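First up is the structure itself, then whatever we jot down about it.
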Amino acid sequence: MQVLFIIAILVLAFVIIFQISKASEYVAVLRGWERTRKQTNRINAFMLLAFLVLGLIGVYLCNEKFKGRILGEPASDHGVLVDRMLYVTIAVTFVVFLITQIALFWFSYKYQESDDRKAFFYPHNNTLELIWTVIPAIALTVLVGFGIVYWFRITGDAPKDAMQVEVVGKQFGWEFRYPGADGILGKKYFKNVDPAAGNPAGQIWEDSTNKDDIFVEQEMHLVVGKPVKLVIGAKDVIHDVGLVHFRMKMDAVPGTPTTMWFTPKYTTKEMKEKTGNPDFVYELSCDQMCGKGHWSMRGVVVVETQAEFDAWLASKKPQYLVANPDKDPSKKNETPAATTNAVAIN
Amino acid sequence: MSEVLNQQAAVTDGAHVAHPHEQAHEHHHETFVSKYIFSMDHKTIGKQFLITGIVWAIIGGLFSVLFRLQLGYPEESFPILETFFGEWAKGGQIQPEFYYGLVTIHGTVLVFFVLTAGLSGTFANLLIPLQVGARDMASPFMNMLSYWFFFLAGVVMLSSIFVHTGPASGGWTMYPPLSALRQAGDGQKLGADLWLVSMALFIISSLLGGLNYIATILNMRTKGMSMTRMPLPIWAMFFTAILGVLSFPVLLSGAILLLFDRNLGTSFYLSDIVVNGEILPNEGGSAILYQHLFWFLGHPEVYIILLPAMGMVSEILSVNSRKPIF
């Protein structure tokens, strides 16, 4: 019933609009086409000018309303560069926007049809053509140049002292691997993936660099002021590592590893104070549509001091020992009863 | 002189007066079907494209209203949506899978069916013969095929909305591996196959149309109309057609390889995949390959959309402001 009612209202609205336009057409016939056309022309010209003025007021109000509420301060060194590029782009395009829009709407008002004036024949002006070709070409080259330089810096070689973290996206969550004491991420092969056997990342246990690698889920810990290189991959479909607070973003493609590096500037604690939000966390969001759970595919990045990070890492057990409990030296001295209990629970 | 007058008479009096002996050949009985449905007249085909394009624009526009409603009021419940869409809008809220399906079909429909076929198809078919002074297109039959392949593509796309597992929901770019793996979600099941078949039909349609536009413009200009004297909209449509003919086949190959990956177990786009705990045997493919094939069309596509409109606007502006473009 309700559906029918709504459809009826829509149909009625169409009928009313149709009737109004029909009526105005009859009025036009009665008053004479020529007069009506001229009046419509004047009204249109005035409306275009009104659109310009109201539109610019709207731009100003929007800016006032959302000022400082969009991104917040960038939390990485590269983020500062990215923001600078964004602001330069906005400044350039805003100037162009003002000039072209004012010219467009003002001209259409000023040069509306008039009986005292006839458009004069003005076929060509080389100087004008040169100006509006060369200036945008230079501006765009500069903007694109910024982008290329930053892109090569972000995806290029990380500093020597950078720490490495492997980030892997899957439907629907994030997995991280730390290289452990040797600083090298061990080799892996996708056919080794077996979460039930304690090997969710598919590590190759024969590779000795794998023995101290640490595996964690959903929460990535980083050290403030220390460059970090992310080695990015995906298990099933294409995901995207989106770190909005650091202004970093990179696709995670199954079968094709990607990298990017950056240096976090503030710890999570410092950001809580800066933003005045006690619940602030750095967010790792999936920025590439990846299926049903894409909207909820969220990880957390914790930035802390070196001491806190070391303590956190020490509390984690290398994945090799999780997968092979019999090799665990800390469990050697336990009583047989405790071991069988643990197995039973598992 | 008398011939010119005769022709004018033929134009003004319609097809029934002058040259009775010629008319007998040209005008066999036109039924409703041959005149309005399987028509080979470029003006009628232009109108067919226009009306189909408008219908698709309304459908695509309504989809965007639906998902923006969800986006704007994520916590609200709209019971009327449940009345219309059943379990896709359980509790009056659009479900994630359906949301992504709406976004996908909305994007595909508006970019390909409305802006490419609706715009190019309408104005190229209507204007090219009129503005170059030809009687009709180089191949009216191909022109008719072009419309009916487009129509068929639309039917397949529309039917994909009604399959049990829902329409394709991999985004309008349809990137694999998401779109190549049935296990990755409901929207990657039958809906994705129908999407690919629909795109293949659509590409055939726009290739037939494009070849026709190019052939007409190159061969059937009236006496004295050199290429440099051609109206600007025709130049725009000429370039649009060339871009389309060069780039659409690449997307066609991309779509067909994706169909192979989905149904025949090849690994063009698949490598190193563990989906839903299942380790797939595929190795050596590249997910990026599809993106290259897709954007080989995707980049020219923006000009395919833009150029006809720019050509027409430039012509109208330059005529009314008395300033020749060049």
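Treat the numbers as computed from the prediction; the structure is a model and nothing was measured. Chain letters run A, B, ... following the sequence lines, proteins first, then strands; residues in each count from 1.
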Taking everything shown except [X] itself, do over 12 heavy atoms lie less than 6.0 Å from its [atom1]?
X: B:M227; atom1: CE; answer: yes
X: B:R229; atom1: CZ; answer: no
X: A:Y109; atom1: OH; answer: no
X: B:F85; atom1: CZ; answer: yes
X: B:W88; atom1: CH2; answer: yes
X: B:F239; atom1: CZ; answer: no
X: A:K187; atom1: NZ; answer: no
X: B:E76; atom1: CD; answer: yes

(request) Rounded to the nearest 0.5 Å, what's the gap from CG on B:N276 to NZ on A:K170? Could you check? (result) 10.5 Å
(message) Once rounded to the nearest 0.5 Å, what's the spacing between atom CD of B:Q291 and atom CG of A:D251?
(response) 6.5 Å
(request) Apply side chain to side chain contact (heavy atoms under 4.5 Å, CB included) to the pair B:Y175 and A:M289, showing each step before the final yes or no. (result) CA-CA 9 Å; B:Y175 285 166; A:M289 167 43 205; over 6 Å; no
(request) In sequence, state the C-alpha distance, the side-chain angles, and the governing distance for B:I273 and A:K235, and then conclude on side chain to side chain contact (heavy atoms under 4.5 Å, CB included). (result) CA-CA 6 Å; B:I273 285 166; A:K235 270 186 175 166; over 6 Å; no
(message) Let's go through A:V253 and B:I288 carefully: what are the C-alpha distance in whole Å and the side-chain angles of both, what is the deciding distance for side chain to side chain contact (heavy atoms under 4.5 Å, CB included) to 0.1 Å, and is it a yes or a no?
(response) CA-CA 8 Å; A:V253 185; B:I288 306 295; 4.0 Å; yes
(message) With a 4.5 angstrom heavy-atom cut-off, is it the side chain or the backbone of A:Y111 that approaches chain B, or both, or neither?
(response) neither
(message) Looking only at heavy atoms and a cut-off of under 4.5 Å, which of B:P79, B:P177, B:G285, B:A287 has the most pairs with chain A?
(response) B:P177
What part of [X] gets within 4.5 angstrom of chain A, counting heavy atoms only: side chain, backbone, both, or neither?
X: B:I279; value: side chain
X: B:E283; value: side chain
X: B:L270; value: neither
X: B:I80; value: side chain
X: B:F98; value: neither

Quick check: closest heavy atoms across [X] and [Y], and the distance to 0.1 Å?
X: A:V237; Y: B:A184; value: CG1-CB, 4.2 Å
X: A:G291; Y: B:L178; value: N-CD2, 3.9 Å
X: B:Y100; Y: A:K292; value: CE1-O, 3.7 Å

(message) At a heavy-atom distance under 4.5 Å, which candidate from A:I238, A:D194, A:I6, A:T256 has the highest pair count against chain B?
(response) A:I238
